[in-house]
Amino acid sequence: MLSRAEFHVLLSLLESDRHGYGIMQDVEALTGGEVRLGPGTLYTAIGRLVRSGLIEECTSDMERRRCYRATRKGKAAAREEAKRMASLVRTARKRGLLANES
Amino acid sequence: MNVHRLYRLLLLVYPKSFRQRYGDAMADTFVDLHQHGRRTGLRFWSFVVSDTFRAATVQHFEVWASAEGRIATRWLLACVAGTVLCNAAGGTLLWAFRYLYHPFLEGMAFVPSVYGALVGATLGGTQSLMFARLSERTIWIVVSALSAAVGWEFATKVAALTGPLGYGVVIGATVASAQWLALRGRMQRPSAAALISAVAVSTVAVAGSVAVTRSLAGLNALGVRDGGALITVETVLGGFYTPMDWRQCLVGIGSTAIAGLLLGAITVRPASSLLARSH
């Protein structure tokens, strides 16, 4: 199971390759400012995702900075995690925790 | 000091391996965050500092849970087990001496080197369990026992003149010199490891001697009888505890365990490096 920070990093990299600050900005924009990753939390998540083979490093053409991209395994893991979360939400909705939304 | 240097300093709270891998990238990300981020002043720094300490805690935990961390934990446990075992062996020896006393033993005194050999053999014995090969284990036990025996013999002579400090330094220097000889060619920078070992052994010996002076038994391991260099086994081992009841017994075990933990904590880095190679 992915942590919240790991899942957000993976989500961010599904769209395009990004470097650290790019991921930070994208996650903040994607969650409407609800999730703000600091450098420590971000690179802890990146380190784990690289070790698990869910993302890999790449070198950006524009800058010498290290960038990251989601691997095929990473995309599949993100999809599985999203399904798991959707299933949890359905269950919570059945129990009346959440209002029905279309 | 500018903020970037300050952040570089903050990065020191992360484990070295993580810092080497991601330190530069984190510093670059910090620069962007500082220049383009919306937070400023106290809000910015409280966010950065709390993030750093939270992530560093996670990283340190991951290091301890890794193979290297397991080796370090086992080394600490080996040191604690060694000192506690030494306490138990000393107490048993003293008890046996008293219980099995015979007039034939009248006037018999144990030289400090016997006590040193006991400390070296028990502590070196538990530490040696960490080594993979039997030959390495044997060498470590022999080196520890012999060097501690020689160290204690000299240290008690010096102690009469210098007090606990000289006592500790002599033991530390003797043990570390022997370890340096044994470790040459087996690890990188054996002199640095020996120096750390010298500091560790000296610290524990000095702390032990001070603790002994204030112990419940009230006996000083540095006490010299008859103005000479001999210390009877009763004084030495009794100093390190002759438990009269369970409370004293527990205090003795606790204090020696702390001494072992201190020794292990100071030497854990070079020991882990050596043992990682051995395995």
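In what follows, every heavy atom counts, from backbone to side chain, and hydrogens, waters and symmetry copies are set aside. Keep in mind that this is a model prediction, so the values were computed, not measured.
Neither the backbone nor the side chain of Phe53(B) comes within contact range of chain A; no heavy atom of the residue lies under 4.5 Å from a heavy atom of that chain. For Val48(B), no part lies near chain A; criterion is any non-hydrogen pair under 4.5 Å. Only the side chain of Arg48(A) comes within contact range of chain B, with heavy atoms under 4.5 Å apart. There is no contact between Gln25(A) and chain B, counting heavy-atom distances below 4.5 Å.
For chain B, the option among Gly40(A), Ala5(A), Gly47(A) with the highest count of heavy-atom pairs below 4.5 Å is Gly40(A). Between chain B and the options Thr44(A), Leu42(A), Leu37(A), heavy-atom pairs under 4.5 Å are most frequent for Thr44(A).
The minimum heavy-atom distance linking Trp45(B) with Val3(B) is given by the pair CZ2-CG1, 3.6 Å.
Within residues 171-181 of chain B, no residue has any heavy atom under 4.5 Å from a heavy atom of chain A.
No hydrogens or angles considered: nothing links the side chains of Tyr7(B) and Thr52(B) as a donor-acceptor pair under 3.5 Å.
In this structure, Arg4(A) places its CZ atom where only 12 or fewer heavy-atom neighbours from other residues, nucleotides or ligands lie under 6.0 Å away.
Between Arg51(A) and Glu62(B), at least one side-chain nitrogen of the basic residue sits less than 4.0 Å from a carboxylate oxygen of the acidic one, meeting the salt-bridge criterion. By the 4.0 Å N-to-carboxylate-O rule, Arg8(B) lies close enough to Asp24(B) to be salt-bridged with it. Of the charged side-chain nitrogens involved, at least one lies within less than 4.0 Å of a carboxylate oxygen, so that Glu57(A) and Arg21(B) count as a salt-bridged pair.
In this structure, Phe18(B) CZ and Lys16(B) NZ are separated by 16.0 Å, a value rounded to the nearest 0.5 Å. Here the CG-CG distance, from Leu14(A) to Leu30(A), works out to 9.5 Å after rounding to the nearest 0.5 Å.
Ring-centre distance between His34(B) and Phe44(B): below the 6.0 Å cut-off.
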